[in-house]
Amino acid sequence: MVTREGHERPTAIFAGNDQMAMGVLAAFAELGVKVPGDVSLVGFDDIAGAAYLVPALTTVRQDFVTLGARSIEQLLRMMQGEPASSERIAPELIVRRSTAPPRPSA
């Protein structure tokens, strides 16, 4: 999609966190850009209230409590000269209404 200024509009935006995504959502509303009709929007954090935005925000949920606990465990192991673990904590994609399937190419 091309904007009125002649610029190609992105089809999706991944915001660094849900608060930034809320700002993008508000700016798009002011500009008349439809989410997800014109552009899909994804945040990160799954903050309280993300499910109640209009449209409800698709986001990535990270278990920060487990992440923090494992980070401390890693630090303590490394301080004792033990090798670092390669264990990862997988984030979870929470699909809500701010995203849509990709549009066909023109």
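Cluster membership check: Val95 shares its hydrophobic cluster with Phe44, using side-chain heavy-atom separations under 4.5 Å among Ile, Leu, Val, Met, Phe, Trp and Tyr. In the hydrophobic clustering of this structure, Val42 does not group with Met22; members are Ile, Leu, Val, Met, Phe, Trp, Tyr whose side-chain heavy atoms approach within less than 4.5 Å, directly or through other members. Under the 4.5 Å side-chain heavy-atom criterion for Ile, Leu, Val, Met, Phe, Trp and Tyr, Val39 and Phe14 are members of distinct hydrophobic clusters.
Every side chain to side chain donor-acceptor pair (under 3.5 Å) that Asp63 has, sequence neighbours left out, goes to Thr66. Remark: Asp45 engages no residue in a salt bridge (charged side-chain N to carboxylate O under 4.0 Å, His left out) (not counting sequence neighbours). Partners of Arg70 by salt bridge (charged side-chain N to carboxylate O under 4.0 Å, His left out), not counting sequence neighbours, listed by chain and number: Glu87.
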For Gln74 and Ile72, run side-chain contact (heavy atoms from CB on, under 4.5 Å): C-alpha distance rounded to whole Å, both residues' side-chain angles, the deciding distance at 0.1 Å, then the answer. CA-CA 5 Å; Gln74 284 277 54; Ile72 295 298; over 6 Å; no
List the steps, then state whether side-chain contact (heavy atoms from CB on, under 4.5 Å) holds for Glu92 with Val60. CA-CA 6 Å; Glu92 180 183 3; Val60 176; over 6 Å; no
Please test Arg9 against Val33 for side-chain contact (heavy atoms from CB on, under 4.5 Å), starting from the C-alpha separation and ending with a verdict. CA-CA 10 Å; Arg9 179 177 291 151; Val33 176; 3.7 Å; yes
Please lay out, stage by stage, how Arg61 and Leu93 fare under the test side-chain contact (heavy atoms from CB on, under 4.5 Å). CA-CA 6 Å; Arg61 180 183 296 155; Leu93 179 63; over 6 Å; no
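Within 6.0 Å of atom CZ in Phe64, more than 12 heavy atoms from other residues, nucleotides or ligands are found, so the atom counts as buried in its surroundings.
One finds the CG atom of Asp46 at 10.0 Å from the OG1 atom of Thr58 (value rounded to the nearest 0.5 Å). Residue Leu57 holds its CG atom at 7.5 Å from CG of Leu25, rounded to the nearest 0.5 Å. Note that the CZ atom of Arg96 and the CG atom of Leu41 stand 12.5 Å from one another [nearest 0.5 Å]. The structure places CG of Leu76 at 11.0 Å from OG of Ser71, a figure rounded to the nearest 0.5 Å.
Minimum interatomic distance between Gly32 and Asp38 (heavy atoms only, all atoms of both residues): O-OD2, 4.0 Å. Between Gly43 and Ala21, the shortest heavy-atom contact is CA-CB, 4.0 Å. When all heavy atoms of Pro55 and Arg97 are compared, the closest pair comes out as CB-O, 3.7 Å. Listed here is the closest heavy atom pair of Ala100 and Ser40: N-OG, 3.0 Å.
Pairs passing the side-chain hydrogen bond (donor to acceptor under 3.5 Å, both in side chains) check and including a residue from residues 18-29, sequence neighbours excluded, read Asp18-Thr59.
Members clustered with Met20: none, using a 4.5 Å side-chain heavy-atom cutoff among hydrophobic residues. Side-chain contacts under 4.5 Å among hydrophobic residues (ILVMFWY), followed directly or transitively, place Met79 together with Leu75.
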